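Owing to the predicted nature of the structure, the values given are computational and were not obtained by experimental measurement.
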Amino acid sequence: MAAITMRLPAVRRAVGPAAPRGGEKHLVAPGDTITTDTGYMRGHGTYVEEEKLIASVAGAVERVNKLVCVRALKARYNGEVGDIVVGRITEVQQKRWKVETNSRLDSVLLLSSVNLPGGELRRRSAEDELAMRDYLQEGDLISAEVQSVFSDGAVSLHTRSLKYGKLAQGVLVQVSPSLVKRQKTHFHDLPCGASVILGNNGFIWIHPTLEHKDEEAGGFTTNLEPVPLSDREVISRLRNCIVALVNQKLMLFDTSILYCYEASLPHQIKDILKPEVEEEIVLETRQRLLDLEG
């Protein structure tokens, strides 16, 4: 029989919060009064009662001129144009795919918004429509960019760039979208030998770094060659490091993930998620980030 590790319950030591970036945020709970000034307009996450603007969700208060809204700390993904997302195909429909992107409604990927094999820029024919399942079928994972947002909040995606497309041979980690830091790029080739796609929707894809990309395939090829054990170990370690950062509520971006990976190297992969080890490596990561800012 395989050995089983058992641990007694223990009081966990709280890790101090990271230094705020860009000043302190005004956090509110449902029912808190934001302002009694009647000159402000009510935005998302607020309501008016007895001439008071009151929060309806827990989150950070944001002001744009006279508009006040509350951005929820934990919520479904709300798409914005230009966001990078990782999603899963849920349905193949006429001239479109439905994609699960961690939002309230399924996102839409139109046949006209994908880069077909060969990279031809042409009108989509009936033959292309019949071959849709050859490109993407139910259960496939893709990376894409938000092209537009509909009035009901649903998102329209596109994969016209060759850096987007079908994903294969990797690990998917689902986190809260609020923990993914917005950056100029969300595709990162880490020096440890693996790459990550930090989806703004909270879906993170970890995969071996590709030496060369097949541009003739239009982003629809799947490499089914065996992944070496060393690469699988790096991916597993990165996955556990990301989970540790999420458990300690630290923002996810390329530098924080790399620092956490380096801090975890003295430990076995399976030990990273033990509470005492998790606190140690995240505390070291947090300190290095503060030193970097200083």
Side-chain angles (χ1 to χ4, degrees), residues 30 41-47 55-60 62 64 67-116 121 123-124 126 128-167 172-187 197-205 218-220 246 252:
M41 293 186 294
R42 182 177 70 86
H44 291 294
T46 66
Y47 64 95
S56 61
V57 297
E62 294 185 353
V64 180
L67 178 67
V68 178
C69 61
V70 178
R71 184 181 290 273
L73 295 176
K74 188 174 183 181
R76 284 281 193 166
Y77 168 64
N78 291 315
E80 296 182 19
V81 175
D83 280 357
I84 305 301
V85 300
V86 174
R88 189 182 297 277
I89 303 295
T90 58
E91 191 177 346
V92 181
Q93 297 182 337
Q94 185 177 13
K95 296 184 180 179
R96 69 184 61 197
W97 292 270
K98 285 292 188 73
V99 188
E100 158 61 20
T101 54
N102 197 28
S103 57
R104 291 184 302 105
L105 302 170
D106 277 347
S107 301
V108 175
L109 176 62
L110 298 175
L111 178 60
S112 59
S113 298
V114 302
N115 212 6
L116 294 181
L121 295 175
R123 294 179 64 87
R124 304 302 187 247
D128 293 326
E129 191 174 339
L130 291 172
M132 282 177 62
R133 231 180 218 97
D134 295 337
Y135 306 138
L136 295 169
Q137 57 184 331
E138 291 87 351
D140 285 347
L141 283 164
I142 63 167
S143 61
E145 182 178 332
V146 175
Q147 186 176 31
S148 60
V149 181
F150 301 120
S151 58
D152 60 357
V155 166
S156 177
L157 307 174
H158 81 86
T159 61
R160 289 203 182 97
S161 170
L162 291 174
K163 65 181 178 181
Y164 308 126
K166 193 173 181 180
L167 302 174
L172 179 69
V173 185
Q174 300 185 25
V175 306
S176 172
S178 61
L179 289 175
V180 179
K181 182 181 178 182
R182 291 186 177 274
Q183 296 180 283
K184 288 184 178 179
T185 177
H186 285 252
F187 294 81
I197 304 175
L198 300 174
N200 288 111
N201 60 330
F203 286 7
I204 297 175
W205 181 251
F220 291 106
V246 169
L252 298 175

Let me confirm one number: the [atom1]-[atom2] distance from [X] to [Y], rounded to the nearest 0.5 Å.
X	Y	atom1	atom2	value
Leu157	Leu110	CG	CG	9.0 Å
Lys163	Thr185	NZ	OG1	5.5 Å
Glu62	Thr46	CD	OG1	12.0 Å
Met41	Cys69	CE	SG	10.5 Å

Kindly indicate whether the side chain of Ile204, heavy atoms from C-beta on, has any atom under 4.5 Å from the side chain of Leu172.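 They are not in side-chain contact.
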Taking only residues at least two apart or on different chains, which pairs with a member in residues 82-94 satisfy salt bridge (Lys or Arg N to Asp or Glu O under 4.0 Å)?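 Residue pairs passing salt bridge (Lys or Arg N to Asp or Glu O under 4.0 Å), neighbours aside: Asp83-Arg182.
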Quick check: closest heavy atoms across [X] and [Y], and the distance to 0.1 Å?
X	Y	answer
Gly87	Phe203	CA-CD2, 4.4 Å
Gln94	Glu129	CG-OE2, 3.0 Å
Pro177	Asn201	CG-O, 3.5 Å
Val81	Ser148	CG2-CA, 4.0 Å
Arg160	Ser112	NH2-O, 3.3 Å
Ala58	Val70	C-CG1, 4.5 Å

Donor-acceptor pair, side chain of [X] and main chain of [Y], under 3.5 angstrom:
X	Y	answer
His186	Leu198	yes
Arg71	Ser178	no
Thr90	Lys98	yes
Asn200	Val85	no
Trp97	Leu136	yes
Asn78	Ser103	no
Glu100	Asn102	yes
Ser56	Gly45	yes

Under the side chain to side chain contact (heavy atoms under 4.5 Å, CB included) rule, what do Val99 and Val108 come out as? Steps first, then yes or no, please. CA-CA 6 Å; Val99 188; Val108 175; over 6 Å; no
Show your reasoning for whether side chain to side chain contact (heavy atoms under 4.5 Å, CB included) applies to Leu167 and Ile197. CA-CA 10 Å; Leu167 302 174; Ile197 304 175; 3.9 Å; yes
Tell me which donor-acceptor pairs under 3.5 Å the side chains of residues 138-145 have, and how far apart each pair is, sequence neighbours excluded?
{"residue": "Glu138", "atom": "OE1", "partner": "Arg133", "partner atom": "NE", "Å": "3.4"}
{"residue": "Glu138", "atom": "OE2", "partner": "Arg133", "partner atom": "NH2", "Å": "2.8"}
{"residue": "Asp140", "atom": "OD2", "partner": "Gln137", "partner atom": "N", "Å": "2.9"}
{"residue": "Asp140", "atom": "OD2", "partner": "Lys166", "partner atom": "NZ", "Å": "3.4"}
{"residue": "Ser143", "atom": "OG", "partner": "Gly165", "partner atom": "N", "Å": "3.4"}
{"residue": "Glu145", "atom": "OE1", "partner": "Tyr164", "partner atom": "OH", "Å": "2.6"}

Around atom NE2 of His158, are there more than 12 heavy atoms of other residues, nucleotides or ligands at under 6.0 Å?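 Counting neighbours around NE2 of His158, more than 12 heavy atoms of other residues, nucleotides or ligands fall under 6.0 Å, so yes.
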